Amino acid sequence: MTHLSRRRLLKYSASTLLAANLWPGALAAGTPDTKDFTFIIVNDLHYIDADCGSFLENTVVRMMKATPGGIDFVLVLGDLSEHGTPVQESTFRDIFNTLGVPYHVVPGNHDHNPTT
């Protein structure tokens, strides 16, 4: 198996997207009746300890909940924890479960800890 570098992955991804756009009807919407939605993207939160948890609960999550008109979901794009420990990740999950809307996580390099 060959090593897949970031550059090669981007090249393959771009080729796939180009092919999908050229294929007739590949990206056509299934139904024209769609509704608007609102979402928030956050990244690099780097949860470490209870002090970080207090900030996430009392500032970040509170502001998300107070978004005018509400939100439909949240994307957390990497580095939700500092060291990827089970305690850090479960505490982060407990805090974000209080949002009341779905959240989707894309793990970052700090979220992987091979020693746990």
Side-chain angles (χ1 to χ4, degrees):
M1 182 169 185
T2 61
H3 175 65
L4 188 61
S5 66
R6 285 184 185 174
R7 184 174 300 217
R8 184 169 285 170
L9 179 63
L10 287 172
K11 179 181 172 185
Y12 292 149
S13 298
S15 299
T16 302
L17 287 173
L18 179 62
N21 284 322
L22 294 176
W23 191 263
L27 298 178
T31 177
D33 298 328
T34 59
K35 70 172 201 136
D36 291 339
F37 59 90
T38 302
F39 64 98
I40 294 174
I41 300 174
V42 294
N43 66 312
D44 294 310
L45 296 172
H46 290 276
Y47 176 87
I48 299 172
D49 57 21
D51 289 336
C52 295
S54 177
F55 172 75
L56 286 176
E57 285 178 296
N58 299 323
T59 304
V60 176
V61 170
R62 194 174 99 228
M63 289 176 69
M64 289 178 179
K65 288 179 175 182
T67 300
I71 56 174
D72 295 299
F73 63 93
V74 174
L75 297 175
V76 184
L77 301 182
D79 296 342
L80 50 111
S81 67
E82 179 63 23
H83 303 292
T85 66
V87 169
Q88 288 177 344
E89 291 177 359
S90 66
T91 304
F92 178 91
R93 185 175 48 249
D94 291 344
I95 292 168
F96 267 65
N97 282 343
T98 67
L99 270 171
V101 297
Y103 64 94
H104 308 281
V105 174
V106 177
N109 63 313
H110 285 262
D111 300 321
H112 174 70
N113 185 343
T115 61
T116 57

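Treat the numbers as computed from the prediction; the structure is a model and nothing was measured.
- In this structure, the side-chain hydrogen bond (donor to acceptor under 3.5 Å, both in side chains) partners of Ser54, at least two apart in sequence or on a different chain, are Asn58.
- Here the straight-line distance linking atom NE2 of His104 with atom CD1 of Ile41 works out to 11.5 Å at 0.5 Å rounding.
- Under the side-chain contact (heavy atoms from CB on, under 4.5 Å) criterion, Val42 pairs with Ile40, Leu45, Met64, Val74, Val76, not counting sequence neighbours.
- Residues that satisfy the side-chain contact (heavy atoms from CB on, under 4.5 Å) test with Ile48, not counting sequence neighbours, are Cys52, Glu82, Gln88.
- Note on residues 41-62: pairs passing ring-ring contact (aromatic ring centres under 6.0 Å, His included), not counting sequence neighbours, are His46-His110.
- Within the structure, side-chain hydrogen bond (donor to acceptor under 3.5 Å, both in side chains) pairs that include any residue of residues 93-102 comprise Asn97-Tyr103 (at least two apart or interchain).
- Put simply, CD1 on Ile71 and CG on Leu99 are 5.5 Å apart, with the number rounded to the nearest 0.5 Å.
- Partners of Phe39 under the ring pair (Phe, Tyr, Trp, His ring centres under 6.0 Å) rule, at least two apart in sequence or in another chain, are Phe37, Phe73.
- For residues 60-76, there are no side-chain hydrogen bond (donor to acceptor under 3.5 Å, both in side chains) pairs, not counting sequence neighbours.
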